[in-house]
Amino acid sequence: MSGVNASKDAGRSHLTVNIGSLRMKNPVTVASGTFGFGPEYAPYLDLNRLGAIVVKGITLLPRAGNTTPRLVETPAGVLNSIGLQNPGVERFITEALPFLADYDLPVIVNIAGDTAQDYARLAEKLSRTAGVAALEVNISCPNIKKGGLQFGSDPASAAEVTRLVKESTHLPVIIKLSPNVTSIVAVAEKVAAAGADALSLINTLLGMAIDIRARRPVLGNILGGLSGPAVKPVALRAVWQVRQAVPLPIIGMGGITSAADAIEFLLAGATAVAVGSANFVNPLATMEVLAGIESYLNENGFNNIREISGLAHNNI
Amino acid sequence: MSGVNASKDAGRSHLTVNIGSLRMKNPVTVASGTFGFGPEYAPYLDLNRLGAIVVKGITLLPRAGNTTPRLVETPAGVLNSIGLQNPGVERFITEALPFLADYDLPVIVNIAGDTAQDYARLAEKLSRTAGVAALEVNISCPNIKKGGLQFGSDPASAAEVTRLVKESTHLPVIIKLSPNVTSIVAVAEKVAAAGADALSLINTLLGMAIDIRARRPVLGNILGGLSGPAVKPVALRAVWQVRQAVPLPIIGMGGITSAADAIEFLLAGATAVAVGSANFVNPLATMEVLAGIESYLNENGFNNIREISGLAHNNI
Amino acid sequence: MSFLLDAEITKQEMIGPGHYRLNLLAPDIAAAARPGQFLQVRCGSTLDPFLRRPISINAVDRENGEVALFYRVAGRGTALLTQKAQGEPVSLLGPLGRGFSLPKSQARVAVVSGGIGIAPLYFLLLELAVFGVSADVFLGAATAGQLFFTKEIKGLGHRVEPATDDGSAGYHGLVTDLFAENMARSSEYAMIYGCGPGGMQRRLAEIIKEFGVSGELSLEERMGCGVGACLSCVCKTGSEGSIQYRRVCTEGPVFPAGEVVWA
Amino acid sequence: MSFLLDAEITKQEMIGPGHYRLNLLAPDIAAAARPGQFLQVRCGSTLDPFLRRPISINAVDRENGEVALFYRVAGRGTALLTQKAQGEPVSLLGPLGRGFSLPKSQARVAVVSGGIGIAPLYFLLLELAVFGVSADVFLGAATAGQLFFTKEIKGLGHRVEPATDDGSAGYHGLVTDLFAENMARSSEYAMIYGCGPGGMQRRLAEIIKEFGVSGELSLEERMGCGVGACLSCVCKTGSEGSIQYRRVCTEGPVFPAGEVVWA
Ligand SMILES: Cc1cc2nc3c(=O)[nH]c(=O)nc-3n(C[C@H](O)[C@H](O)[C@H](O)COP(=O)(O)OP(=O)(O)OC[C@H]3O[C@@H](n4cnc5c(N)ncnc54)[C@H](O)[C@@H]3O)c2cc1C
Ligand SMILES: Cc1cc2nc3c(=O)[nH]c(=O)nc-3n(C[C@H](O)[C@H](O)[C@H](O)COP(=O)(O)OP(=O)(O)OC[C@H]3O[C@@H](n4cnc5c(N)ncnc54)[C@H](O)[C@@H]3O)c2cc1C
Ligand SMILES: Cc1cc2nc3c(=O)[nH]c(=O)nc-3n(C[C@H](O)[C@H](O)[C@H](O)COP(=O)(O)O)c2cc1C
Ligand SMILES: Cc1cc2nc3c(=O)[nH]c(=O)nc-3n(C[C@H](O)[C@H](O)[C@H](O)COP(=O)(O)O)c2cc1C
Ligand code: FES
Ligand code: FES
């Protein structure tokens, strides 16, 4: 199923959305860390039908990740503490990226660092790499000791990372925010002022689980990030609030399993949506979401996906 | 089933816990707003078997509450925006409290205000009322315009409310914290320093849902508070983190539906647990939790409930 | 008295597209139930869907200790309920709420039903027959195939006036229009009982007010607990200036038509 | 090739307390499956439980296009799976992972199983028989009643050495102790295949190392995706100094015994 296919979506411009200068042929992408680097799900769906792919978080140097267990199921959700296991940016470019070059698919690279400088260097490096369409800046990972959430929970640090990354790249810069803050709007505003082209909302909620037999935390890393349907109401609220305050395009995510979920995010103000943990359960979730969005537009007399983004704000 | 029953738990001192100077005959209570004022669930269980009852949030003046819909189901959870509908403290004392006087059951009154002074006045008034065993100070309600979450999201304001309430009462003061903050530990520390006797963790997570047919938020109030199993990992993490930082007793709550859930909270550091939304599904949830905790103690060779509180911290 | 119990399914039957009748063995509930009361039914078995679903009591067989429900597949909960088979247990909480008040005389009454609204009204019609009260039943549905219980209601000695949205049977149009026309001719009813979708009930309340008769409506609202504890299911009652939120689950679901304030 | 499909249940049978055998119609999977591979099985139908469950392929009937699973009720997911009946669909993803490598000669092999570990090993034993390879099967279980497939395995021409924790059949004690004693007498195996609980596998790896033979172990780890995308299911491989996390779902579940580093 690899090779450049003539995309079935070609010409369906009513589904096209723009995330900064990044053009997506449709509004459906995947959430970083839930879809690997592409080959993992290629046996089950035609990757060309995605609006974009967001790859697993990449750091400057390879990372081994956290000790196991790294994942535990929770009610309608999943807690993970992967800890950004990844091959590092060099090997990502030489080993993972070439696979995606054969597809008609914008590649969004999710980046993470221990220091603000790390982010800048990653941005620089990836900007010089063919086949990278945009950067998603992960300042919200709860699973690493340094950096990550630290940047995402302080508006000033978040702005600083944004500024440095923007200075280091011509690619569209999408800042991925954390819900683990008193005011996600405050962070979004600072990040917008610092030049972000778009926002991804939300990363995981900080959580944990305890093994009552062993009487210790289940995850090797003790704390983890909560995702899946359980967090959908929180994610939707974040999109809603940020849309009211900041005029940037939003990639909405958090618990999307169906087209109805995705449409909630669009109506709340997202420009595009990302399917995350749901891929684990249903590798065709993205395709079902896409088909369902199309039906919704048709059945409700909308000509263009852009007509519904944020529409619920008009009806209150 | 009313009238003073000889409690079945009498003498089972191994289940007794202390929340400040409040003695509970067992560690199982209910979460405010999910159990009414007592009579609602009295047909289904013997209220005397609860460690305490926490009543619906009370304000100085009667409140009508928010417009409907006020509640919507979410994946493994519930979003509510009741908006503190209550008869006001006067009518609470004259109309609701007498019913509970017939029980051998400490009454914890949950209080909320628009201003810090409101809390103080409520505390004063309730301290002069027979049959009130403790105050739970709700500085974390996301469903009211003024006050509520406003106090809970700022450590200094939270401390201020705590101080004023402590000055106005001899009753044990339990401060109920919000998870909608960057650092719940920072709030807990300030509240502890201001004299709180105990903490309740957690109130609801700010969330929302959208009706994709009507293209508007489902809740009349737009935003609501998320509770139920979905939030359990977040609640457990809050208890874990606060326990590490603050030496106050904690009433743990958020998504408890079973004894196993409750034991997770105890191992994470809670002294007692409250069952909330689960009462809606299973009015006997508290009784099953209590029985299950007892079995767990027996089967694992513990002599006393206090032995397991925070135990998971020793095993990391 | 209200009970929390696991009731065994004695029969589950699809009686029309998306419409099911469920019989459950629950002698305590059957004995206590009154028309207009409902049960909080646990449709699933895991943490999702989480809440119970309110379903009216459609009929009781006190001798055999059975309770019948009549429900429409509206979403995830009711869809799961259809999958339960004979012999399986269903957790029930109830009977809950304040039902219809039965007439004090044997004077004729009217019953106005829209769609699934017939669920509690059928129980009422059964009891009215027991007390020797005859009813004119204005039975509204989308289409002929959804005019459920017509034969049974006639068998009880009531008169049935059907109305369908698509005109496939009876009056072609809204059941409230049919009822209004009828009232214009003769409005001699001791009581009007109604249940149906929001818009229909609102119109029915207007008609009842217009003709100055007594009426009772059974309302629907999203419920958390079903027992009065959570304050989620409220409706507005009273009159301008003295509006009050009242709980549909305990102070209702049946309210005097004149007391409900439509938003 | 790996597939995502809804497979119809052709048979579901309890074959011991808490132990079930499930037959599914899935010709594509049956054709592609190799011993040691597994499926990601959707046990529920709602959002809770959320994740699929990894279950090994226990046997295939390529002619009839059927796949058999053998599972133990361990928690909520597997408990839900027991409720599915003949004719109902189950969503499967698979076959997944790297299975056992089949021997290149017909020399004797040993198979060491602990508890539910027999699930994938039975499929291996079926294939070995097809290739004319005989195995000594060290079959460990808690008690005699849980020595599943003994008769079938003997029927394939393999030798079975049972061990039970309670001594109710065969060797009284750990299957690894039985195996170690046997190895001390004769360790002439072309390959040792093992599957079972963590502690057993760890001990088995030691024995394999001690006797310097080749061995393959099938590991278990909590899985998110099952296809290599989420990096949750990793195990430590390599040796001191060059430790590597590898994904059990795609680089395993079967690993050369010597490569696994036990924490
Ligand atoms: C007092 C009362 C009696 C009822 N009696 C009957 C009956 O006899 N037969 C019947 O078919 N239906 C009845 N209903 C409506 C029935 O409760 C809903 O159709 C059902 O809850 C839908 O659940 P679902 O999971 O299938 O739909 P979903 O839309 O998936 O439900 C999502 C949530 O919304 C709630 N909800 C959705 N629709 C309604 C509604 N109309 N009223 C209240 N809550 C709703 C659900 O309970 C659930 O919490 C009654 C409702 C009330 C309040
Ligand atoms: C490659 C592989 C093959 C397996 N083959 C079989 C088999 O053929 N037969 C069989 O009975 N069991 C098998 N298991 C174990 C089986 O996956 C678990 O028993 C099952 O996931 C438990 O799910 P539950 O919902 O019943 O238990 P719960 O404890 O409620 O599950 C909670 C979560 O933990 C995970 N989990 C729990 N135990 C295990 C475990 N041992 N391994 C991995 N994840 C676990 C679940 O998948 C779920 O995500 C296999 C495991 C793996 C990794
Ligand atoms: C296993 C796993 C790994 C993840 N890894 C990353 C990551 O590397 N970078 C990142 O920004 N987000 C990561 N996330 C967060 C997701 O991209 C997404 O923000 C979150 O899961 C919410 O979406 P969902 O509920 O649809 O899964 C990860 C999530 C999961 C479950
Ligand atoms: C319907 C409803 C009403 C609530 N009302 C109050 C309240 O009045 N005061 C308060 O402090 N918390 C209130 N809460 C929050 C609960 O007390 C509890 O903190 C929260 O629901 C988490 O617990 P749970 O997941 O077990 O429900 C309410 C929750 C619900 C669902
Ligand atoms: S449903 Fe809880 S008060 Fe009515
Ligand atoms: S389960 Fe996702 S990588 Fe193995």
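In the text below, chain A, chain B and the rest are named by the order of the sequence lines, each starting its count at 1. Treat the numbers as computed from the prediction; the structure is a model and nothing was measured.
In this structure, A:Leu97 and A:Gly131 approach most closely via the heavy-atom pair CD1-O, 4.2 Å.
Residue pairs satisfying the side-chain hydrogen bond (donor to acceptor under 3.5 Å, both in side chains) criterion with at least one member in residues 281-290 of chain A, sequence neighbours excluded, are listed as follows: A:Asn282-A:Glu288.
Contacts between D:Leu96 and chain A at a heavy-atom distance below 4.5 Å involve the side chain alone, from C-beta outward. Residue contact with chain D, scored on non-hydrogen atoms closer than 4.5 Å, is absent for A:Val30. D:Leu93 touches chain A through its side chain: at least one heavy atom from C-beta onward sits under 4.5 Å away, while N, CA, C and O do not. Both the backbone and the side chain of A:Thr67 come within less than 4.5 Å of a heavy atom of chain D. Of the atoms belonging to D:Met223, it is backbone heavy atoms, and not side-chain ones, that fall under 4.5 Å from chain A.
In terms of heavy-atom pairs under 4.5 angstrom with chain D, the leader among A:Ala76, A:Ser277, A:Gly36 is A:Ala76. Ranked by heavy-atom pairs under 4.5 Å with chain D, the first of A:Gly228, A:Pro69, A:Ala64, A:Ala278 is A:Ala64. Heavy-atom pairs under 4.5 Å with chain A peak, among D:Ile243, D:Leu51, D:Thr46, at D:Leu51.
Residues of residues 253-265 of chain A lying within less than 4.5 angstrom of chain D, judged on heavy atoms, are A:Thr257 in numerical order.
D:Leu5 places a side-chain heavy atom less than 4.5 Å from the side chain of D:Ile29. A heavy-atom distance below 4.5 Å is not found between the side chains of A:Leu266 and A:Tyr296.
For D:Glu206 and D:Lys209, the salt-bridge test fails: no basic side-chain N is under 4.0 Å from an acidic carboxylate O.
In this structure, D:Phe148 has its ring center under 6.0 Å from that of D:His19.
Rounded to the nearest 0.5 Å, atoms CD1 (D:Ile9) and CD (D:Glu88) are 6.0 Å apart. How far SG of D:Cys249 is from CG of D:Leu219: 12.0 Å, rounded to the nearest 0.5 Å.
Aromatic ring orientation, A:Phe92 versus A:Phe37: tilted (interplanar angle from 30° to 60°).
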| field | Derivation of the salt bridge (Lys or Arg N to Asp or Glu O under 4.0 Å) call for D:Glu221 and A:Arg70 | value | CA-CA 9 Å; D:Glu221 193 43 77; A:Arg70 289 180 174 183; over 6 Å; no
